[in-house]
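Lettering follows sequence order; numbering is per chain, from 1.
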Amino acid sequence: MSIDKATAAKVAKLARIKVEDDALPALAEEFNMILGFIEQLNEVDVEGVKPMTSVTPQRLKRRVDQITDGDQQALVLSNAPDAREGFFAVPKVVE
Amino acid sequence: MSDLNKLTLSAARDLLRKKDVTSVELTEACLQAKSAGMALNAFVHDTSEVALEQAKAADNRLAEGDASSMCGIPIGIKDLFCTKGVPSQAASKILDGFRPEYESTVSQKLFDGGAVMVGKLNMDEFAMGSSNETSIYGDVVNPWKVDQRNLTPGGSSGGSAAAVAGDLCLAATGTDTGGSIRQPAAFTGIVGIKPTYGRCSRWGVVAFASSLDQAGPMTKSVRDAAIMLETMCGHDPKDSTSADLAVPNFEACLTGDIKSKKIAIPKEYRMDGMSEEIEKLWAEGTEMLRDAGAEIVGVSLPHTKYALPAYYVIAPAEASSNLARYDGVRFGRRANISAGDGITEMYEKTRAEGFGPEVQRRIMIGTYVLSAGFYDAYYNRARRVRTLIKKDFDDVFAKGVDAILTPATPSAAFSLGDMATMDPVQMYLNDVFTVTVNLAGLPGISIPAGLDAQGLPLGLQLIGKPWKEGDLLNTAYALEKSVGFVEKPEKWW
């Protein structure tokens, strides 16, 4: 499978990373190199093998369904690039 | 007493307990060594004031006679660990200015035990790299040098490795997703252990690939690793994958007796074109274990070859998801935007400016392998192969094998800049011997095993059974005694 410039642009868009047009061919080439390396996996017979979900057989622990944390608005906002009136501020979202 | 920074952790502990030295003295020695060692670029955020306060508090605890093994020990903390009020930015521009309002569980456990933070340590950006050349803080330089060239300390825990090998602190925390503790430990002639997945809490450690990431100690000896690991381990309700198992006294496991232990040599680790030096080192290590009374058996781990390609699907996939949080909204750095830019442009510019090229590459590969139409072909296939890789190990351990001996790295440390013109895959090959261990969730330890012809350290790796770090450390301890590696880098900085 080969990645072209358009696919590279689509991936960059999905990843929300701005890539300039003139950088796309090199990016596509890098993707192809890495994917070429990954293609080796096609040699493996995985018929009937389950995809791993947890490397150690463990059951997720459960706890009582009650509030254990909260009321930390100032701490939560303390590292925001732009926080106003108790909220995270962002550029216009709705057209 | 001079050169307190050169002590091992265990020697320092013994001196502290005998009141022959104070934590303040040890800490001051390390702070001086750190200032004198700027050329290594290992430490990035200064925490001298915190360190001296912690050292005084540790001395008070020691005076009261109620102190753990880590009490008063000056250590470095990898920048991947969130440390309350202290910059923690995973060596990335995108976390510029981030000061966590919380402490990672592992660093909290170390501080509760009385450890002293000398400073935060350089690393590859978001732990993605094998040479510490992707850091926003610049390259770390290996204290080992044989000519005018500056060598890589390995990565991603390159700052931790250089700081410990260069005696800037007594020990350091590292993290390991594909080899990031063991490879730099091997490149700098120190000990590094990645425990079983789930041993150390991942809470508060900046996430790279959550199903692979584990923290561990990087130290000057196996005993030091046992002491520090014990303090770092333990169940944490804040990490759902943290194991609720008792933590053994790892130091007490170090008897040096490995009689009748079964050590396996996996034939697939004998790579085509493997250097004679590595081969010789491996054979010598094998003989040493045999001489110490272990039984040596040949085994096969048939899917070894597919570990790296599986890793380069799974790790980027998880990274693309984990790193989605860096969007310029809640923390870290936001790019300047132009008039008329909406939120999407803000995200795209923030992430393009904030992430370095290797991190961008991995996020995009991860995005691709998880995208509609490719999820099964890449991601699910890689997870199936991962199941097979783990089964390879399960089968070997089911035959009564106690540990597996392999080389730690395919070569000694290379020059900084050497890989710049290579394609990314060449750099990935550094982790060929270590990455299987992360995929299978097993404990693995790298110990220095000798010098190559140029005079650079080489490491051997021992892989253990899940949750049997004590036994693994003991085998490593026996090998360490047989090897008798005492070489240190000549101070040039």
Side-chain angles (χ1 to χ4, degrees), chain A residues 1 3 7-8 10-20 23 27 29-31 33-58 60-61 63 68-69 72 74-83 88-95, chain B residues 97-99 101 196-198 211 237 240-241 243-244 303 305-306 308-310 312-313 320 327-334 337 341-349 351-352 355 360-361 363-365 367-368 371 378 380-388 390 423-425 428 439-441 466:
Chain A
M1 209 161 319
I3 293 196
T7 312
K10 188 181 154 215
V11 172
K13 186 79 194 170
L14 284 172
R16 296 289 183 270
I17 295 174
K18 186 175 174 59
V19 178
E20 300 297 341
L27 185 66
E29 197 184 322
E30 268 180 13
F31 285 171
M33 194 142 28
I34 295 167
L35 291 172
F37 178 63
I38 293 167
E39 293 292 326
Q40 289 179 67
L41 295 178
N42 291 330
E43 299 166 14
V44 186
D45 180 6
V46 293
E47 190 60 40
V49 178
K50 283 201 177 135
M52 183 181 284
T53 48
S54 171
V55 73
T56 46
Q58 62 176 186
L60 281 184
K61 286 182 89 76
R63 64 169 175 85
T68 58
D69 205 350
Q72 305 198 24
L75 295 181
V76 168
L77 292 173
S78 69
N79 273 294
D82 190 2
F88 294 113
V90 294
K92 195 172 68 172
V93 178
V94 187
E95 289 302 324
Chain B
F98 179 58
R99 284 172 188 258
E101 297 287 357
T196 313
Y197 182 79
S211 79
S240 64
T241 62
D244 195 358
H303 296 90
K305 172 181 172 199
Y306 302 106
L308 264 183
Y312 276 96
V313 174
S320 75
D327 57 4
V329 175
R330 288 158 298 160
F331 34 72
R333 182 182 177 282
R334 178 186 291 187
I337 54 172
D341 278 353
I343 195 159
T344 304
E345 288 79 11
M346 190 277 283
Y347 290 153
E348 290 179 348
K349 287 182 180 175
R351 290 162 65 80
F355 293 132
Q360 291 193 21
R361 190 179 292 136
I363 290 174
M364 288 192 273
I365 287 286
T367 304
Y368 181 75
S371 63
Y378 289 110
N380 271 342
R381 175 167 282 269
R383 289 197 302 144
R384 287 194 166 92
V385 172
R386 186 174 179 188
T387 300
L388 293 171
K390 177 160 192 297
D423 72 70
V425 172
Y428 300 167
L439 289 168

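Within the 4.5 angstrom heavy-atom criterion, atoms from both the backbone and the side chain of B:Asn380 approach chain A. Both the backbone and the side chain of A:Phe37 come within contact range of chain B, with heavy atoms under 4.5 Å apart. Only the backbone of B:Ala440 comes within less than 4.5 Å of a heavy atom in chain A; its side chain stays farther off. Only the side chain of A:Leu27 comes within contact range of chain B, judged by heavy atoms closer than 4.5 Å. For B:Val425, the part lying under 4.5 angstrom from a heavy atom of chain A is the side chain only. Both the backbone and the side chain of A:Ile38 have a heavy atom closer than 4.5 Å to some heavy atom of chain B. Proximity to chain A (any heavy atom under 4.5 Å) is shown, for B:Leu308, by both the backbone and the side chain. The parts of A:Gln40 that come within reach of chain B are both its backbone and its side chain, each placing non-hydrogen atoms under 4.5 angstrom from that chain. Neither the backbone nor the side chain of B:Ser320 comes within less than 4.5 Å of any heavy atom in chain A. For chain B, the nearby part of A:Lys61 is the side chain; its heavy atoms alone come within less than 4.5 Å. In this structure, no portion of A:Ala8 lies under 4.5 Å from any heavy atom of chain B. Of the atoms belonging to B:Met346, it is side-chain heavy atoms, and not backbone ones, that fall under 4.5 Å from chain A. Contacts of A:Thr53 with chain B are made by both backbone and side-chain atoms, with heavy-atom separations under 4.5 Å. Using a 4.5 Å cut-off between heavy atoms, A:Asn42 contacts chain B through both its backbone and its side chain.
Here the straight-line distance linking atom CG of A:Leu14 with atom OG1 of B:Thr367 works out to 7.0 Å at 0.5 Å rounding. The line from CG of A:Leu41 to CZ of B:Arg381 is 7.0 Å long, rounded to the nearest 0.5 Å. To the nearest 0.5 Å, the span separating CG on B:Leu388 from CE on A:Met52 amounts to 9.0 Å. Considering CD of B:Glu101 and CD of A:Gln72, their distance stands at 9.0 Å, rounded to 0.5 Å. Atom OH in B:Tyr368 sits 6.5 Å away from atom OG1 in A:Thr7 (nearest 0.5 Å). Between the NE2 atom of B:His303 and the CD atom of A:Glu43 there is a distance of 11.0 Å, given to the nearest 0.5 Å.
Of the residues considered (B:Phe98, B:Tyr428, B:Tyr347, B:Tyr312), B:Phe98 shows the highest number of contacts with chain A, using heavy-atom pairs under 4.5 Å. By number of non-hydrogen pairs under 4.5 angstrom with chain B, the leading residue of A:Val19, A:Ile34, A:Leu60 is A:Ile34. If you tally non-hydrogen atom pairs under 4.5 Å between each of B:Lys349, B:Lys305, B:Glu345, B:Arg333 and chain A, the highest count goes to B:Lys305. Per-residue heavy-atom pair counts under 4.5 Å with chain A were compared for B:Asp341, B:Ile365, B:Leu439, and the maximum is reached by B:Ile365. By number of non-hydrogen pairs under 4.5 angstrom with chain A, the leading residue of B:Ser371, B:Ser211, B:Ala310 is B:Ala310.
In this structure, the side chains of B:Pro466 and A:Thr56 stay at 4.5 Å or more apart for every pair of heavy atoms.
Distance alone, capped at 3.5 Å, is enough to place a donor-acceptor pair between the B:Thr387 side chain and the A:Lys50 backbone.
The only option from B:Arg386, B:Arg384, B:Arg383 that meets the side chain to side chain contact (heavy atoms under 4.5 Å, CB included) definition with A:Val49 turns out to be B:Arg384.
With respect to the salt-bridge test (charged N to carboxylate O, under 4.0 angstrom), the residues B:Glu348 and A:Lys13 qualify. A salt bridge between B:Asp327 and A:Arg16 is absent, with no side-chain N of the basic residue lying under 4.0 Å from a carboxylate O of the acidic one.
The nearest pair of heavy atoms linking B:Gly97 to A:Asn79 is O-OD1, 3.8 Å.
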